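Read through the structure below, which is laid out as C-alpha cells, and then see the notes.
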Amino acid sequence: MIISFSQIVAESRQMRREGRPFVIAGPCSAETEEQVCETVKQLAATGWVKLIRAGIWKPRTRPNSFEGMGEPALYWLKKAGLQFNLPVAVEVANASHVESALKAEIDVLWIGARTTVNPFSVQEIADALSGTDIPVMIKNPVNPDLQLWLGATERVRNAGITSVAAIHRGFSSFNHSVYRNEPMWEIPIAYRLAMPDIPMFCDPSHISGKRELIALVAQRAMDLGMEGLMIETHPSPDAAWSDARQQIMPDSLTPLLESLVIRQEMAGSDAGERDELLDLRAKIDDIDEKIIDLIAARMEVARAIGVYKKEHGLSILQLERWMEILRTRKSRGLQLDLSEDFLERYLEQIHSESIAHQTRVMNPGKDEGEILW
Ligand code: PEP
Ligand code: MN
C-alpha cells in the first residue's frame, strides 16, 4: 500500500471542504495481536480513519514501565492493516527500528518527541532511511525548540525522503498545567511559516494527557488550519498498558470528530462575504502600520532619553520606572481585555528594544553583538 503525504494532503483538503478532518488513530502501544486487530477493525468501521498508528518500541520516561512488544508486533499491525485495508505507522528511534519496520513493510514511520531532540539519533534514522522513500512524520521535540524540529525535518529530507509531515504533540514543562504537554501554538505556527510545504498534524492525545481535553485541543488545531489529527484509541482505554488516561475507545472517535467545526482555508465563494473579510483586513493593515510607526516614535524618544542619561551619568535601567511602566500599562491593557501573558511579553519586548537603542546611544561605535543584551 503506497501512500504519500501529497496524496494525504490533497485528500485532507478535500475532506476539509466536506467538513471532515483527516484522522490518524490507533493505540498508544500494540499490546497483543487481538488488541491490535480489534482496534483496527473498530477504527476501520468508523469510516473516519485513514492511517493506523501503534507504538511498538515505547520510549518511557521512567524505567520499569511497559516498553513495547517489539518486532513481533510489527507483523500484527501490518496484518491488521492489510485485513482492513488501511496503511499503518510506527515510531522509530534508531537504525535497527527502521530496518525492522521496513522489513515488515510498515507503510509510514514517525520520529517521536524524545528522539527529535537528539540530532545524533535523527541522523542515524535519516541514514537508515536513505535509499527508501517511505513517508515519515516528525513529532516536535519535547522541549520548545523550533530549530531542533526544523533540523530533524531537514535531516530526513536530506536523506531523500520526499514525503514528510510534522506532528505537533506539545512541549514538556515543569509548571503544573491543565495540559500534559503545553501546546505553545506559536511554535507549530512558526514551523509552518518556515516550512510551508510540510503538512502539520496535531496529536491532541499527548497534549491533553486526559481524554476529557482532547476535543478542545483538536478544535484549536482545526481552528489553526492543521491538516489532520493523530488520536490514541484503545478498545478498553482504562486497561491500556501505556497512556491509559488519554486513550479513547474507537467508538468515541466518531462523536468527537463530528463535534468539531472544520474551518475552511479560504473565505466562501460568496462575494459579499469576501468583501467583508477584505474590509476587515484593510483595517488591520492600517492599525498595524500605526502600531509600527508608534513603536518607532517611542524608540526615538528612548534614544533622546539615552542622550540625557549619558550626559547626566545615569544608568539605562531605572528599576522603579520600569516597575511603574509594567504596572500602569498592564492595568490599562487588562481593562481593555488584553491577556496578562501577552501584556507581559509585549512590555518586555518593548523594554528590551528600548534598552538596545539607549545602549547604542551610550556606546557609539561599539559592535552591536557585544553590547546588546
Ligand atoms: C506516542 O505517540 O505514543 C509517543 C510516545 O508520543 P511522543 O513521542 O509524542 O511522546
Ligand atoms: Mn502514547
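Because the structure is a prediction, the values reported are computed rather than measured. Residue numbers count from 1 along this sequence.
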Here the salt bridge (charged side-chain N to carboxylate O under 4.0 Å, His left out) pairs for residues 240-255, sequence neighbours left out, are Arg180-Asp243, Glu212-Arg245

All side-chain hydrogen bond (donor to acceptor under 3.5 Å, both in side chains) counterparts of Glu124, not counting sequence neighbours
none

Restricting to side-chain hydrogen bond (donor to acceptor under 3.5 Å, both in side chains), what partner residues turn up for Asp279, sequence neighbours left out?
none

Could you name each residue pair satisfying ring pair (Phe, Tyr, Trp, His ring centres under 6.0 Å) that touches [range], not counting sequence neighbours?
range: residues 121-173; answer: Trp149-Tyr191, His168-Trp185
range: residues 61-84; answer: Phe66-Trp241
range: residues 88-123; answer: Trp57-His97

Residues that [X] engages under side-chain contact (heavy atoms from CB on, under 4.5 Å), provided they are two or more places apart:
X: Arg345; value: Asp341
X: Glu258; value: Trp48, Thr254
X: Ala194; value: Leu150
X: Ser173; value: Asn175, Glu182

Quick one: hydrophobic cluster around Val117, which other residues, with the 4.5 Å side-chain cut-off, linked directly or via members?
Val142, Leu148

With Arg169 via salt bridge (charged side-chain N to carboxylate O under 4.0 Å, His left out) - residues at least two apart:
none

